[in-house]
Amino acid sequence: MEPAKMFYTIGEVADMYKVNTSLIRFWEKEFDVIKPQRNKKGNRLFTRSDVDYFHQIYHLVKEQGFTLQGAKDRLKHKALEGSDAKFEAVKTLKNIKTFLLDLKENL
């Protein structure tokens, strides 16, 4: 597993989810919870929080089949009720799976 970073470039975020950078830019515009910082060159720098939002959006849109409006409503609803325990459990299990696969590969 790679260590957590403070900031991620748009290319790194796109690689995490195996999508084009144009989709990341589109989601950034569509979902107001994502607010990347910019460096002096104007490049987007996403925080861990932004990446977590991308993970939730990806899960809702690509894996669960939500429309963009449905995903927006779901994120808004989650913000009102707190974090979604099911999503967190799935995220934790995926991290464990990645760790175990890396461990198996290194044996």
Side-chain angles (χ1 to χ4, degrees):
M1 293 179 83
E2 68 181 53
K5 297 169 55 172
M6 283 188 68
F7 296 104
Y8 298 84
T9 65
I10 193 168
E12 290 171 325
V13 176
D15 287 344
M16 287 178 196
Y17 303 105
K18 296 176 180 51
V19 298
N20 293 326
T21 55
S22 59
L23 182 60
I24 299 299
R25 283 190 295 273
F26 176 72
W27 283 350
E28 173 197 341
K29 291 176 187 165
E30 288 294 313
F31 293 87
D32 56 357
V33 294
I34 300 170
K35 297 174 178 67
Q37 297 181 16
R38 303 253 181 180
N39 65 11
K40 291 180 182 181
K41 291 182 178 179
N43 298 334
R44 293 166 177 84
L45 298 173
F46 297 98
T47 62
R48 185 73 230 167
S49 175
D50 292 330
V51 172
D52 288 342
Y53 278 120
F54 278 121
H55 187 105
Q56 291 180 44
I57 294 165
Y58 181 87
H59 176 71
L60 291 171
V61 174
K62 297 289 187 179
E63 296 174 344
Q64 296 291 314
F66 278 69
T67 63
L68 287 180
Q69 187 59 49
K72 288 177 191 178
D73 294 343
R74 181 70 176 237
L75 287 175
K76 191 179 294 184
H77 181 70
K78 282 184 188 180
L80 295 176
E81 71 179 26
S83 69
D84 184 17
K86 182 179 175 184
F87 172 76
E88 291 299 323
V90 169
K91 184 176 167 186
T92 301
L93 288 172
K94 285 183 180 182
N95 287 339
I96 292 170
K97 179 182 177 184
T98 301
F99 172 75
L100 291 173
L101 289 173
D102 288 345
L103 186 62
K104 178 183 174 185
E105 192 174 292
N106 290 327
L107 289 177

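Numbers here are sequence positions counted from 1.
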Take Leu68 and Val61 through the side chain to side chain contact (heavy atoms under 4.5 Å, CB included) test and state the conclusion after the steps. CA-CA 7 Å; Leu68 287 180; Val61 174; 4.1 Å; yes
State whether the side chain of Asn20 and the backbone N or O of Leu23 hold a donor-acceptor pair below 3.5 Å, judged by distance alone. no
Keeping Asn106 on the side-chain end and Asp102 on the backbone end, is there a donor-acceptor pair under 3.5 Å? yes
List the steps, then state whether side chain to side chain contact (heavy atoms under 4.5 Å, CB included) holds for Leu75 with Leu60. CA-CA 9 Å; Leu75 287 175; Leu60 291 171; 4.3 Å; yes
Find the distance between CG (Asp50) and CZ (Arg48) and round it off to the nearest 0.5 Å. 10.0 Å
Report the distance from atom OG1 of Thr9 to atom CG of Leu45, rounding to the nearest 0.5 Å. 8.0 Å
Tyr58 meets the ring-ring contact (aromatic ring centres under 6.0 Å, His included) criterion, sequence neighbours left out, with Tyr17
Path from Leu93 to Leu100 over hydrophobic side-chain contacts below 4.5 Å: no
Show the numbers, then the answer: is there a side chain to side chain contact (heavy atoms under 4.5 Å, CB included) between Met16 and Val51? CA-CA 9 Å; Met16 287 178 196; Val51 172; 3.7 Å; yes
I'd like to check the side chain to side chain contact (heavy atoms under 4.5 Å, CB included) partners of Ser49; sequence neighbours left out, ordered by chain and number. Thr47, Tyr53
What residue pairs, at least two apart or across chains, pass salt bridge (charged side-chain N to carboxylate O under 4.0 Å, His left out) with a residue in residues 55-71? Glu63-Lys94
Taking salt bridge (charged side-chain N to carboxylate O under 4.0 Å, His left out) as the cut-off, I'd like each qualifying pair that reaches into residues 6-26, sequence neighbours left out, listed once. Lys5-Glu12
Go through the structure and list residues passing side-chain hydrogen bond (donor to acceptor under 3.5 Å, both in side chains) with Asp73, not counting sequence neighbours. Gln69
Val19 and Ile24: CA distance, side-chain angles, deciding distance, side chain to side chain contact (heavy atoms under 4.5 Å, CB included) verdict: CA-CA 8 Å; Val19 298; Ile24 299 299; 3.8 Å; yes
N/O donor-acceptor pairs under 3.5 Å from side chains in residues 26-34, not counting sequence neighbours:
from	atom 1	to	atom 2	distance (Å)
Glu28	OE1	Arg44	NE	2.5
Glu30	OE1	Lys72	NZ	2.9

